[in-house]
Structure formats: C-alpha cells, structure tokens
Amino acid sequence: MHDIQIESIQAVIVDLPTIRPHKLAMHTMQQQTLVVIRLRCSDGIEGLGESTTIGGLAYGNESPESIKQNIDSHLAPLLVGQDATNVNAAMLRLDKAAKGNTFAKSGLESALLDAQGKRLGLPVSELLGGRVRDGLEVAWTLASGDTARDIAEAEQMLDLRRHRLFKLKIGANEVAHDLKHVVAIKRALGERASVRVDVNQGWDESQAIRACQVLGDNGIDLIEQPISRINRAGQVRLNQRSPAPIMADESIESVEDAFSLAADGAASVFALKIAKNGGPRAMLRTAQIAEAAGIALYGGTMLEGAIGTLASAHAFITLRQLTWGTELFGPLLLTEEIVTEPPVYRDFQLQVPRTPGLGLTLDEERLKRFARS
Ligand code: MUC
Ligand code: MG
C-alpha cells in the first residue's frame, strides 16, 4: 500500500474550433480534437495531461477515440492504486504491459508530472532538472493553402511581434505549384523572417531531389520530412545532397527510431514531440541521442491545446540547444480555451509559467461545453 495513490484516471475527448482550416499534405483540419487526461490522487491533487493527434488516423497510429479507449480499458487500470509520486515506476509499469501507444503514454506521464509538481510546489521544468532559458521562440505555420492569404498572415504576425519563423505546409499539390507558392512567400518576407517547409512525406525521392535544391537555392532554411518515413535509404541520400538541412518528424515514432536515424545519418535536425516519444521524459532521451550525434533540435507540436503545449514547453526549456526554435503555437490555432489562464505569447516567445506543475487550471464550465458526450 502506497502513501499517496493514483485514485482515478479520466480521458475526456474535447472538440474545439480553429481560427481557419489548417491544410497538411495528408489532411485538412477543420477543428482540433484533444484528449484531456485528469489523474486524481488520494492526497486530493489532480494532474492534467493531454494526448492529441491530427486528423483522426490521418497522421499516425493513434486517434482520439483509440487513445481514450486504450487508456480506459488498458492503461488506467495499470496505474490506479499505484504510487502517485513515482513517475519512473508508473511509466515503467505502462511500458512493460503496453507496446507503442506513445500519445496515450505522453498524456499520462504529463499528468503524473503535473500532479507531482503541484504536490512539491515546483514547476514541471524544475522536476525535469531545471530550465536553462527564459522563454521559447515559437514558429507559426502558414497553412491556409492560399499564397496571398499566407503572406498577409505572416505580415500580421511580424507586426504583432508574435512570430518571425514561418513553416509552410506543402506536399499536397503538384511540386511546381508548391515551389512557386513557397518562393513567392520567401520573396515577400525576405530577411525579416525565417521560412521553412514541412512536406509531411508528400514527395518521393525523385521529386525531392530537385525540389530540395530549388528550396535551398531560394533561401528556405529547413525542409521537414520531405519523403516517406519508411524510405530510410532515400532519407540518408537526401540528407547528404540537399543544400538546406533536412529535419526528421514522422520518421521519429519512438526513442529507438531517433537512435537509428542518428546512426544512419538520415537527418541533421530532429523535431522533438512528447507525443511521438511517449512523454516529456522520453522526448528528452531523444534529445540526448541527437545531442550526442551532433543533430540539431526543434521543439515540435501535434497542435496540442494549452495542456500539451505547456507539457512540451516545460521539457524544451531544459534543453541546452534548441537551434531551430519551437512551433508551440497550438493554443493560438484554437478559438476556444478550456483552461482559466491561457499560455502567454510575447515578443516572439512563449512564456513558460513558474507556478507549480504545468501552471494551468481547467475551466470546468468550458470543458463541459466542448467535451464530446
Ligand atoms: C507536423 O507535421 O509538423 C505541426 C505544426 C503544424 O502546422 O502541423 C504540425 C504537424
Ligand atoms: Mg511535421
């Protein structure tokens, strides 16, 4: 019998509207669906976590519905009654009994960390060893699909001093069309902004060879996941010949993937995502592999709301190097919040709270309104 036990775990599916459709190569998001995790402990403390993916099953192996089902049926029963204060032991128990399910595990680990931080009066960043920077620079994704609208959106973000790093979502259209779109945006923004692209695996190697050359020659700073995560040999060849650095995103579905990508020399930048690794601490293991291999880091997102965004931020802020910044803008894509005080964005940066845990409180009223019945 442990002194402080995990008493119950609830996974709530929440559907939230977005400011505009968000077009990725594999899916156009018309809204975002979060899975909010409430982990209640016998000392009365509740930890919050979030497991969020993009476009049902369009992006990865887990959907909001499968995440909830697997937590309810398999993962929560393994944790209820366990020591709420030992995150290592709890996550080990999950890993021993359940393969994969990194999104679900990430939400559960975030909730354990939030609860323990609240219990000890420490921000999650301090539980993870301590922060080494004040804030995190945040990129914005231009993904309306319309060149003029994307340029206007970027200009607005620069005026507001909210973002000066822009990621363009391409890969769904003809390559020539996409390249024209990207080059027009880079020309309009010039040296005032860093412009990067995310192809979301949309090209094959034969298309990517030329396209990466054109992008590099036109001042594009970074090319994310140009080809299929399955084509490892192609990724290695592209990483050697592209004039702009290649970043691995979908290729990393676990810490072990990160190790084998590093060993093969398949990317020079890693997108770090807590959901893809199985939690903030697992993500930090991927970061350590990258650091040891000389691979640069970028703080990625699955377009989570406030909870998942701050769970990521508390871990990213402990990293020694974050050469390419972060893209923790998920809450800004949503028109509604389910927490009482949304994350603060100022002077191109996300401010990471110094209050205990993740630093968030649920707005029960709003959660009820947007929770799927
Ligand atoms: C992805 O593939 O990177 C992150 C930012 C964004 O706009 O889409 C996501 C997913
Ligand atoms: Mg990506």
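Index from 1, following the sequence. Counting starts at 1 for both ligands and their atoms, following the listed order.
For the Mg ion (ligand 2), protein N, O or S atoms under 2.8 Å: 3 in total.
Residue-to-ligand polar distances place Tyr59 within reach of ligand 1: an N/O pair is separated by less than 3.5 Å.
Taking every non-hydrogen atom of Thr141 and a distance limit under 4.0 Å, the qualifying atoms of ligand 1 come out as 5 (C), 6 (C), 7 (O). Within ligand 1, counting atoms from 1 as listed, the ones closer than 4.0 Å to a heavy atom of Glu224 are 3 (O). Less than 4.0 angstrom separates some heavy atom of Lys273 from each of these atoms of ligand 1: 1 (C), 2 (O), 3 (O), 10 (C). Ligand 1 places these atoms under 4.0 Å from at least one heavy atom of His22: 6 (C), 7 (O). Less than 4.0 angstrom separates some heavy atom of Ile54 from each of these atoms of ligand 1: 9 (C), 10 (C). Taking a cut-off of under 4.0 Å to the non-hydrogen atoms of Lys169, the atoms of ligand 1 that pass are 1 (C), 2 (O), 3 (O), 6 (C), 7 (O), 8 (O), 9 (C), 10 (C). Ligand-side atoms of ligand 1 in range of Asp249: 1 (C), 2 (O), 3 (O), range being under 4.0 angstrom from any heavy atom. Less than 4.0 angstrom separates some heavy atom of Asp198 from each of these atoms of ligand 1: 1 (C), 2 (O), 3 (O).
Using a 4.0 Å cut-off between charged side-chain N and carboxylate O, Asp249 and Lys273 make a salt bridge.
In this structure, Phe270 and Ala290 approach most closely via the heavy-atom pair CD1-CB, 3.7 Å. Heavy atoms only, all atoms of each residue included: Gln235 and Leu261 are closest at OE1-CD2, 4.0 Å. Between Ile71 and Pro77, the closest heavy-atom pair is O-CD, 3.7 Å. Between Asp114 and Leu358, the shortest heavy-atom distance links the atoms OD1-N, 2.7 Å. Residue Arg320 comes nearest to Arg133 through the heavy atom pair O-NH2, 3.0 Å, listed as atom of the first residue, atom of the second, then distance.
Residue contacts with ligand 1 for Gln225 are absent, since no atom lies close enough (heavy atoms, distance under 4.0 Å). Contacts between Tyr298 and ligand 1, counted as non-hydrogen atom pairs separated by less than 4.0 Å, are absent for every part of the residue.
Side-chain contact check for Glu62 and Ser66: no donor-acceptor pair (N or O, by modelled atom type) lies under 3.5 Å.
For atom 3 (O) of ligand 1, the closest heavy atom belonging to the protein is Lys167 NZ, 2.8 Å.
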Residues Ser125, Arg131; criterion side-chain hydrogen bond (donor to acceptor under 3.5 Å, both in side chains); working and verdict = CA-CA 6 Å; Ser125 56; Arg131 54 184 75 194; 3.0 Å; yes

Under the salt bridge (charged side-chain N to carboxylate O under 4.0 Å, His left out) criterion, do Arg229 and Glu253 qualify, and how do the steps go?
-> CA-CA 10 Å; Arg229 65 179 300 279; Glu253 284 189 352; 3.6 Å; yes

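In this structure, the side chains of Glu46 and Leu39 stay at 4.5 Å or more apart for every pair of heavy atoms. Looking only at side-chain heavy atoms (C-beta outward), Glu224 and Arg196 stay at 4.5 Å or farther from each other.
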Name each donor-acceptor pair under 3.5 Å that joins a side chain in residues 184-191 to protein atoms two or more places apart or in another chain, with its distance.
{"unit_1": "Lys186", "atom_1": "NZ", "unit_2": "Gly190", "atom_2": "O", "d": "2.9"}
{"unit_1": "Lys186", "atom_1": "NZ", "unit_2": "Ala193", "atom_2": "O", "d": "3.1"}

